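Contents: one structure, followed by commentary.
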Amino acid sequence: MLDQRLLRNDPTLITAPLARRGLATDLSGLQQLALQARDLEQQRSELQAEGNRIGREVGERIRAGAAPGGDEVKELREQGNRIKQQVAELEEQEKGIETQLLEQLMVLPNLPSPLCPTGRSEADNVEVKRWGTPRQAAAGVEKLQEHWQIAERLGIVDTERSVRIAQSRFVTLLGQGARLERALINFMLDRHAGRGYTEVLPPVLVNTASLTASGQLPKFAEESFRCAEDDLWLTPTAEVPVTSFHRGEVLAAEALPLKYAAYTPCFRREAGSYGRDTRGLIRLHQFNKVELYWFCRPEDSEAAHEQLTGDAEAILEALELPYRRLELCTGDLGFSAVRTYDLEVWLAGAGTYREISSCSSCGDFQARRASIRFRDGKTTRLLHTLNGSGLAVGRTMAALLEAGQQADGSVKLPQALVPYFGAEAITAVS
RNA sequence: GGAGAGGUGGCCGAGUGGUCGAAGGCGCAGCACUGGAAAUGCUGUAUAGGGGCAACUCUAUCGAGGGUUCGAAUCCCUCCCUCUCCGCCA
């Protein structure tokens, strides 16, 4: 959520950055609402002060000997009642305006960082780095296969039976596939733990307040699965429970930065993605992800963003997976982000880079929604939050399958993974 | 799910209608004492929002939301949570 003071004092400080996102917003109405809310609050608190004064006076008179039912007190009581009435009216107005204000404010996205390049769509994202050498099919050899072809051939994933169990866009991993998924999760968590992250295994059913705090609600309700009877939702990313882990807290400055690595399954309705990525492990309603999350001081968040992204990259490098880093332009930036790096892994079979991690700095946007502060000397300040995938596990498996495919049908795994998987390769079924 | 008990400041804990944002203790900070420290003494020590250059000031907050009252931490209602016992279950 954006700072209401900006809105009251100078809405152009909001509209100009939002224009860089390609959003033409007229905030004059909203500014009026904010000013009205402020004025009403002022009026109301003055009246309340008067009411408090009267209340105190009644007490004093009674203690001084006035009859509680006498005329002297009765008149004050009537005054008090009139004020109470007026306060109630003002409160009702105030509530109405506050509700409207919040409704509109909650659906405004975060302001992009000045560092975020201006652009209209993903076509304007800026490639800032490349690592590794993409594998090409050897000369004279048949084309490299895509991961779903490999997985089916090896019998490590069953899509058809998953539809029986649930729906399309769900998969069941089997045998070496299930084992590889588990190995990857452990591998990632261990690596991050070695870099100062605290491992977290949070609830994956989250309440509405949690989903609102991190920015998924109220605007993107159709993207999450909901348990209708319970005010609970299936979390679309561990960012949600981890943000709310500290919701409403004031953290000690010395505790910052807090760095968490959270493995969770993630659930997304993928509304509006019919027909895209229908095969394989790329776009599923349920997938596993290890999420990196920082709570830090505002002045540290830029450096934190680089570090967090580097920590995600370290996984790709350890797995010998070629990737590139893109800086998202303003037009492609997510709702809560001020700045985002996407990591795209090379899919050797598909012959393309695909997003495998998205590392965002959210400034104080989520901290304000979630009311997460830190003690800064005598006062408290909103802190900054950052999140990034480290990594999406299913997509990592897809990349590994395509990168490691061998002529004999097996899939060779990177050395770093061998202790976790317990073998050098996924072996072909005879 | 059933029965009972309870939710007060960073922590413990008093407060059952009146000047209570809240005694007391612990913790923490500053000062004094000390060669230095401990012990001791004194002082200070919640959060959010509004106004003000500031000093400061007003409002709200004692789990949350409503209600009664001139006045609520204190009375009433609803909900949430914690603990104990029973049931159920991995």
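Numbers restart at 1 for each chain; the letters A, B, ... are given by sequence-line order, proteins then strands. The shown structure was predicted, so the numbers you read here are calculated from the model rather than taken from an experiment.
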Considering every strand and a 4.0 Å limit on heavy-atom distances, what is the contact class for A/Glu41: base, sugar-phosphate, or nothing? base
Which is true for A/Ile62 with a 4.0 Å heavy-atom rule: it touches a base, it touches only sugar-phosphate, or it touches nothing? base
When the nearest nucleotide of RNA chain B is assigned to A/Arg381 and to A/Gly59 on a heavy-atom basis, which residue is associated with the more 5' position? A/Gly59
Taking a pair as Watson-Crick or G-U wobble with both distances under 3.5 Å, which nucleotide is matched to B/rG87? none
Provide the distance between the two C1' atoms, one in B/rG51 and one in B/rA64, to the nearest whole Å. 29 Å
Suppose you measure atom P in B/rG66 against the same atom in B/rC11; what distance do you get, rounded to whole Å? 25 Å
Taking only Lys NZ, Arg NE, NH1 and NH2, and the carboxylate oxygens of Asp or Glu, determine whether A/Glu222 and A/Arg269 approach each other closer than 4.0 Å. no
Which whole number of Å gives the distance between the C1' atom of B/rG49 and that of B/rG44? 25 Å
Taking the P atom of each, how far is B/rU84 from B/rC79, in whole Å? 23 Å
Would you indicate whether A/Asp230, at its atom CG, is surrounded by more than 12 heavy atoms from other residues, nucleotides or ligands within a distance under 6.0 Å? yes
Could you state the CD-C1' distance from A/Gln36 to B/rG49, rounded to the nearest angstrom? 18 Å
Write down the distance between CG (A/Asp376) and P (B/rA48), rounded to a whole number of angstrom. 12 Å
Quick one: does any side-chain atom of A/Arg226 pair with a main-chain N or O of A/Leu232 as donor and acceptor, under 3.5 Å? no
Check every strand shown and say whether A/Arg61 touches a base, only sugar-phosphate, or nothing at a heavy-atom separation below 4.0 Å. nothing
Name the nucleic acid region contacted by A/Arg53, choosing base, sugar-phosphate or nothing; use a 4.0 angstrom heavy-atom cut-off, strictly under. nothing
In the structure shown, which nucleotide is the Watson-Crick or G-U wobble counterpart of B/rU74, with both distances under 3.5 Å? none
If we take the P atom in both B/rA29 and B/rU68, what is their distance in whole Å? 47 Å
A/Asn52 side chain near B/rC70 phosphate (N/O to OP1/OP2, under 4.0 Å): no
Parallel, tilted or perpendicular for A/Tyr197 and A/Trp294, by the 30°/60° rule? perpendicular
Is there a Watson-Crick or G-U wobble partner for B/rC26 with both distances under 3.5 Å, and if so, which one is it? B/rG10
Send over the distance from A/Glu98 CD to B/rA60 P, rounded to a whole Å. 16 Å
A/Thr380 near the nucleic acid: base, sugar-phosphate alone, or nothing, with a heavy-atom cut-off under 4.0 Å? sugar-phosphate
Please report the distance, rounded to the nearest Å, between CZ in A/Arg375 and P in B/rA29. 14 Å
Within the structure shown, what part of the strands sits under 4.0 Å from A/Lys84 by heavy-atom distance: base, sugar-phosphate, or nothing? base
Give one of base, sugar-phosphate or nothing for A/Gln42, where a contact means two heavy atoms less than 4.0 Å apart. sugar-phosphate
When you look at CZ of A/Phe245, are more than 12 heavy atoms from neighbouring residues, nucleotides or ligands closer to it than 6.0 Å? no
Quick note, A/Arg38 side chain, CB onward, closest among B/rA46, B/rG50, B/rC70 is B/rG50
Given the C1' atoms of B/rG15 and B/rG9, what is the spacing between them in whole Å? 14 Å
Side-chain atoms of A/Gln48 come closest, of B/rA46, B/rA60, B/rC70, to B/rA60
Roughly, in whole Å, what's the span from CG in A/Leu35 to C1' in B/rG50? 13 Å
B/rU43 and B/rG52: how far apart are their C1' atoms, nearest whole angstrom? 28 Å
Of all the nucleotides listed (B/rA60, B/rU47, B/rC58), which has the minimum atom distance to the side chain of A/Ser45? B/rC58
In Watson-Crick or G-U wobble terms, with both distances under 3.5 Å, the base opposite B/rC20 is none
Phosphate OP1/OP2 of B/rG66 contacted by A/Lys95 side-chain N/O (<4.0 Å): yes
Would you indicate whether A/Glu92, at its atom CD, is surrounded by more than 12 heavy atoms from other residues, nucleotides or ligands within a distance under 6.0 Å? no
Does B/rA48 have a Watson-Crick or wobble mate here (both distances under 3.5 Å), and if so which one? B/rU59
Given 3.5 Å as the limit, does a donor-acceptor pair link the side chain of A/Ser357 with the main chain of A/Ser389, or not? yes
So which nucleotide does B/rU40 pair with, by the Watson-Crick or G-U wobble rule with both distances under 3.5 Å? B/rA32
Strictly below 4.0 Å: does A/Arg44 bring a side-chain N or O up to OP1 or OP2 of B/rG49? no
Over 12 non-hydrogen atoms of neighbours within 6.0 angstrom of CD in A/Glu122: no
Residue closer to the 5' end of RNA chain B, A/Ala49 versus A/Glu57 (nearest nucleotide): A/Glu57
B/rG13 and B/rC88: how far apart are their C1' atoms, nearest whole angstrom? 37 Å
